[in-house]
Amino acid sequence: MSVNVGILGGTGAVGQRFIQLLDGHPDFELVAITASDESAGKSYREAAKWRVDSPIPNWVGDIEVRATEPEAVPDDVDLLFSSLPSGVAEVVEPQFTEAGYVVSSNSSNSRMADDVPLVIPEVNGEHLDLLEVQQDERGWDGALVKNPNCSTITMVPTLAALDRFGLETVHVSTLQAVSGAGYDGVTSMEIIDNVIPHIGGEESKMETESRKLLGSFDGSEIEQHDVDVSASCNRVPTLDGHLENVWAETAEDIDTDDARDAFADAPTLDLPSAPDPLIEVFENPDRPQPRLDRTLGGGMQIAVGGLQETSGGLQYNCLAHNTIRGAAGASLLNGELLVREGWV
Ligand SMILES: N[C@@H](CC=O)C(=O)O
């Protein structure tokens, strides 16, 4: 099977990860890349300031970048990945879905819209069925699916595993890599020898997206989980890999062996980009670490460590590669699920 895919906003940090992950993909063939009007018409090699840690695939370097508008994308593209800035995506993604394209998007707009599935395939793949409601309500031939914010994706698979004990309250403090802010996000003068205890909008994303992801779909709408999540988000001078300290309180008592079993039972999917296992638990208390552990499972695994019982539940650390599992890899996995479920 070969599915023709394109990337909307392919020259930025996440767009470059898409290209890296699509190179050699068993089912997807990259046939179109769009970017801003200034880049349209240039070769990808000319348009992108390539910074990913492997060379631009030669065949990609020669692709001519297109304008980000439905008329510029060939009709034989079956699936589009979007890494557009959210302000642009808000306007442009509906134009593509109206034109009949299926869009798997990493952009932060519309993630909490009632009729937009926000999906981590191993956690809530069944929420994709919300697309029927979306197409009915919006009259779209295409469809729009989102993956959550990188800091949310790092934590939620672990919370989903612990929900068998009745998840009630979660406190999380993050140590987020600079790549999460994009190439021009934080300057070296701001971040070297420093930690910035604020990432605009990040805390509320973690608090709201988690509840939607852990919610249930009744055939017409998502009923959000009632877990109470409080987040504190910090930018630290690592390049890639978000590390998070989590305190989860559960209705039932939980010990570290229960938690290990729950993490080991986390689902693994038969999709090309799905890691096995989904969650890797470290016994060594100083792991996971961003530099050592962010590329586990090709950057798609969630690493967990530092398990400790607390009075109300469990404390632990979790880590994921923020531009792979937390961004491009997340959209790619959603794309693979869309294909498997017949939406593409
Ligand atoms: N919003 C996130 C993006 C993920 O990498 C961040 O700022 O780190």
Side-chain angles (χ1 to χ4, degrees), residues 106 108 110-131 133-134 145-174 201-233 242 244-252 254 258-259 261-269 274-275 277-279 300-302 304 307 310 312-320 322 325-326 330-331 333-334 337 341:
N106 177 61
S108 63
S110 304
R111 283 188 184 138
M112 294 302 294
D114 287 347
D115 63 350
V116 175
L118 180 69
V119 173
I120 301 173
E122 297 96 333
V123 170
N124 66 333
E126 71 284 0
H127 287 198
L128 265 198
D129 290 343
L130 185 60
L131 290 177
V133 177
Q134 182 188 87
V145 175
K146 295 277 171 177
N147 56 263
N149 187 45
C150 48
S151 53
T152 315
I153 299 190
T154 303
M155 169 181 74
V156 165
T158 65
L159 299 183
L162 296 178
D163 200 23
R164 64 165 72 163
F165 306 105
L167 199 58
E168 291 184 332
T169 308
V170 174
H171 298 282
V172 55
S173 175
T174 69
E202 194 78 356
E203 293 166 354
S204 68
K205 284 180 195 165
M206 291 192 82
E207 292 162 4
T208 57
E209 291 175 10
S210 299
R211 298 182 58 178
K212 184 171 178 181
L213 288 157
L214 294 168
S216 49
F217 178 56
D218 67 5
S220 58
E221 58 183 12
I222 306 290
E223 187 179 340
Q224 296 200 13
H225 197 291
D226 55 9
V227 62
D228 195 3
V229 179
S230 339
S232 165
C233 296
H242 288 356
E244 305 184 354
N245 314 124
V246 182
W247 292 260
E249 290 173 16
T250 47
E252 283 174 39
I254 166 173
D258 296 331
D261 289 345
F263 292 143
D265 288 347
T268 54
L269 302 181
L278 170 60
I279 300 174
M300 290 297 282
Q301 226 156 29
I302 311 292
V304 167
L307 265 59
T310 62
L314 187 77
Q315 177 186 345
Y316 58 97
N317 305 315
C318 54
L319 168 84
N322 55 300
R325 172 49 93 160
S331 293
L333 193 57
N334 280 348
L337 185 68
E341 297 302 307

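If you're wondering where the values come from, they're calculated on a predicted model, not measured in any experiment.
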**Student:** Under the 3.5 angstrom rule, does the side chain of Asp114 hit a backbone N or O of Glu221 as a donor-acceptor pair?
**Tutor:** no
**Student:** Please list, chain by chain and in numerical order, all residues satisfying salt bridge (charged side-chain N to carboxylate O under 4.0 Å, His left out) with Asp163, sequence neighbours excluded.
**Tutor:** none
**Student:** Salt bridge (charged side-chain N to carboxylate O under 4.0 Å, His left out) with Arg211: which residues, sequence neighbours excluded?
**Tutor:** none
**Student:** Of all the heavy-atom pairs spanning Met300 and Ala330, show the shortest one and how long it is.
**Tutor:** CE-N, 4.4 Å
**Student:** Could you check whether any side-chain heavy atom of Leu131 comes within less than 4.5 Å of a side-chain heavy atom of Glu341, counting everything from C-beta outward?
**Tutor:** no
**Student:** With sequence neighbours excluded, what pairs up with Glu122 under the salt bridge (charged side-chain N to carboxylate O under 4.0 Å, His left out) test?
**Tutor:** Arg325
**Student:** With Lys212, which residues qualify under salt bridge (charged side-chain N to carboxylate O under 4.0 Å, His left out), at least two apart?
**Tutor:** none
**Student:** Is the side chain of Gln134 donor-acceptor paired with the backbone N or O of Asp115 at a distance under 3.5 Å, no angle test?
**Tutor:** yes
**Student:** Hey, is the main chain of Ile153 close enough, under 3.5 Å, to the side chain of His242 for a donor-acceptor pair?
**Tutor:** no
**Student:** Under the 3.5 angstrom rule, does the side chain of Glu203 hit a backbone N or O of Ser230 as a donor-acceptor pair?
**Tutor:** no
**Student:** Determine, step by step, whether Thr174 and Met206 satisfy the side chain to side chain contact (heavy atoms under 4.5 Å, CB included) criterion, reporting the C-alpha distance in whole Å, the side-chain angles of both residues, the deciding distance to 0.1 Å, and the verdict.
**Tutor:** CA-CA 10 Å; Thr174 69; Met206 291 192 82; 3.7 Å; yes
**Student:** Short question: side chain of Glu209, backbone of Asn149 - any donor-acceptor pair under 3.5 Å?
**Tutor:** yes
**Student:** I'd like to check the ring pair (Phe, Tyr, Trp, His ring centres under 6.0 Å) partners of Phe263; sequence neighbours left out, ordered by chain and number.
**Tutor:** Tyr316
**Student:** Go through the steps for Asp228 and Thr169 under the test side chain to side chain donor-acceptor pair (under 3.5 Å), then give the verdict.
**Tutor:** CA-CA 5 Å; Asp228 195 3; Thr169 308; 5.2 Å; no
**Student:** Show your working on side chain to side chain contact (heavy atoms under 4.5 Å, CB included) between Glu252 and Asp258 and close with a plain yes or no.
**Tutor:** CA-CA 11 Å; Glu252 283 174 39; Asp258 296 331; over 6 Å; no
**Student:** How would you list, by chain and number, every residue that makes a side-chain contact (heavy atoms from CB on, under 4.5 Å) with Gln315, sequence neighbours excluded?
**Tutor:** Trp247, Gln308, Thr310
**Student:** Going through the distances and angles, do Leu159 and Val227 end up as a side chain to side chain contact (heavy atoms under 4.5 Å, CB included)?
**Tutor:** CA-CA 10 Å; Leu159 299 183; Val227 62; 5.8 Å; no
**Student:** Does the pair Thr154 and Asn322 meet the rule for a side chain to side chain contact (heavy atoms under 4.5 Å, CB included), with working shown?
**Tutor:** CA-CA 8 Å; Thr154 303; Asn322 55 300; 5.9 Å; no
**Student:** Is Glu126 atom CD crowded by more than 12 heavy atoms from other residues, nucleotides or ligands, each under 6.0 Å away?
**Tutor:** yes
